[in-house]
Amino acid sequence: MHILRAAVCLLLSGVLPVAYAAEGDCPPGAELLKQRLANLHTLSASFEQQIIAADGHPLQESSGVLELAKPGRIYWVAEPPFEQTVVSDGRHLWVYDPDLEQATVRALTSQLDNSPAALLVGDADRVLEEFHVCAFETARGSRILLRPLHTEAIYTQLEMRFEGRSPVGIRMIDSLGQETRIALTEVEINQPVDTAIFQFTPPPGVDVFRDD
């Protein structure tokens with residue numbers, strides 16, 4: 001299980017995806033994306049995550065806490081029974097699975113296409129190099145859709161939902177049609193965070209696999 005795939009990183013469960021088949025169905029979203037990312041420096045939240053199979057039946061539900069800080073720092077912890085910890089110091093991304101007693105570390109830059117958390121604390125210009133962006137204003141806020149420009153990307157579509165300046169949900173669809181929905185609650189933005197949490201040291205006896 002990969003928390004950012006079995007993941008943030010934006011629709012709530014009752015919101016249907018926006019379908020667009022032609023350029024006219026996709027209002028340009030680059031400027032709104034730049035505004036939202038420019039206004040987001042730190043984020044603290046609780047999350048609830050659902051993974052849904054391509055045929056529509058639920059596969060897994062989990063919850064936990066999330067802390068983000070620019071540039072590129074991530075702390076994501078899923079609670080039992082699906083424990084997992086994801087930590088980035090801005091350069092490397094660690095994924096630790098206690099049940100498997102293993103951790104994987106890779107360069108954060110290689111995760112931009114499949115890590116919604118990395119998108120939120122990333123550089124807008126870099127995101128625009130990797131994705132085609134659409135934006136939709138709603139009664140409660142805004143929705144930003146991203147489709148990767150490269151066919152090898154893990155996800156075929158990502159969506160982020162904002163209420164005001166605050167991100168409140170993430171929705172992702174992978175190449176096999178599996179969907180991940182993440183709802184963010186108790187969201188606080190641009191408040192001080194403890195930067196020590198963005199450092200990760202594998203516990204003794206854990207197998208470490210490097211891909212950087």
Side-chain angles (χ1 to χ4, degrees), residues 4-5 7-45 47-50 52 66 68-74 76 88 90 93 108-185 187-190:
L4 296 177
R5 181 178 187 281
V8 127
C9 340
L10 214 32
L11 281 175
L12 293 175
S13 303
V15 181
L16 294 176
V18 173
Y20 56 94
E23 192 67 27
D25 300 318
C26 177
E31 290 306 314
L32 183 60
L33 175 67
K34 288 181 178 180
Q35 291 175 18
R36 292 292 178 263
L37 295 188
N39 289 325
L40 184 65
H41 303 289
T42 67
L43 182 147
S44 301
F47 70 82
E48 293 185 359
Q49 177 177 275
Q50 291 180 308
I52 302 168
L66 169 66
L68 302 176
K70 286 185 175 177
R73 289 173 289 179
I74 301 166
W76 170 296
S88 170
L93 183 76
L108 180 66
T109 53
S110 69
Q111 296 301 296
L112 185 60
D113 67 337
N114 63 354
S115 169
L119 289 171
L120 288 172
V121 290
D123 178 77
D125 290 333
R126 168 78 194 283
V127 174
L128 292 173
E129 291 176 358
E130 300 289 335
F131 294 92
H132 180 67
V133 183
C134 308
F136 299 84
E137 296 291 347
T138 70
R140 298 181 61 183
S142 55
R143 300 163 66 188
I144 299 176
L145 274 68
L146 302 97
R147 282 190 168 175
L149 299 175
H150 306 294
T151 56
E152 66 273 14
I154 291 176
Y155 292 102
T156 60
Q157 180 172 299
L158 296 93
E159 180 172 347
M160 298 185 286
R161 186 164 64 84
F162 289 80
E163 291 183 0
R165 297 185 302 166
S166 299
V168 294
I170 298 168
R171 175 177 175 269
M172 300 166 286
I173 300 176
D174 69 18
S175 58
L176 299 178
Q178 181 170 288
E179 181 177 343
T180 300
R181 299 173 181 175
I182 305 168
L184 303 180
T185 58
V187 177
E188 295 184 356
I189 65 171
N190 301 336

With a 4.5 Å cut-off on side-chain heavy atoms, are Trp76 and Ile182 touching?
yes
Hey, could you give me the CG/OG distance between Leu66 and Ser44, rounded to the nearest 0.5 Å?
8.0 Å
Roughly how far apart are Arg165 CZ and Gln35 CD, rounded to 0.5 Å?
11.5 Å
I'd like to know if the side chain of Ser88 reaches the main chain of Gly72, judged simply by a donor and an acceptor atom lying under 3.5 Å from each other, with no hydrogens or angles considered.
yes
Kindly indicate whether the side chain of Ser166, heavy atoms from C-beta on, has any atom under 4.5 Å from the side chain of Leu184.
no
The reported gap from OG1 in Thr180 to CD in Gln50 (rounded to nearest 0.5 angstrom) is 10.0 Å
Correct closest heavy-atom pair for Ile144 and Leu33 would be CD1-CA, 3.9 Å
Go through Arg181 and Ile52 one step at a time and tell me if the side-chain contact (heavy atoms from CB on, under 4.5 Å) criterion holds.
CA-CA 8 Å; Arg181 299 173 181 175; Ile52 302 168; 3.6 Å; yes
Under a 3.5 Å distance rule, please check whether Asn190 uses its side chain to pair with a backbone N or O of His41 as donor and acceptor.
yes
In this structure, which one of Arg36, Arg140, Arg143 forms a salt bridge (charged side-chain N to carboxylate O under 4.0 Å, His left out) with Glu163?
Arg140
Step by step, work out the side-chain contact (heavy atoms from CB on, under 4.5 Å) result for Val168 and Phe162.
CA-CA 5 Å; Val168 294; Phe162 289 80; 5.9 Å; no
OH-CG distance between Tyr155 and Asp174, expressed to the nearest 0.5 angstrom
6.5 Å
Test of understanding: with side-chain hydrogen bond (donor to acceptor under 3.5 Å, both in side chains), list the residues that count as partners of Thr42, not counting sequence neighbours.
none
Under 3.5 Å, is there a donor-acceptor pair between the side chain of Arg73 and the main chain of Lys70?
yes
Go through His132 and Leu149 one step at a time and tell me if the side-chain contact (heavy atoms from CB on, under 4.5 Å) criterion holds.
CA-CA 6 Å; His132 180 67; Leu149 299 175; 3.9 Å; yes
Locate the shortest heavy-atom distance separating Gly29 from Ala135; write the atom from each residue and the value.
CA-CB, 3.5 Å
Set of residues satisfying side chain to side chain contact (heavy atoms under 4.5 Å, CB included) with respect to Glu137, sequence neighbours excluded
Leu32, Ser142
Intermediate values then yes/no, side-chain contact (heavy atoms from CB on, under 4.5 Å), Leu120 and Leu40:
CA-CA 8 Å; Leu120 288 172; Leu40 184 65; 4.0 Å; yes
Nearest heavy-atom approach of Pro167 to Val187 is O-CG2, 3.7 Å
Minimum side-chain heavy-atom gap Thr156-Arg147 below 4.5 Å
no
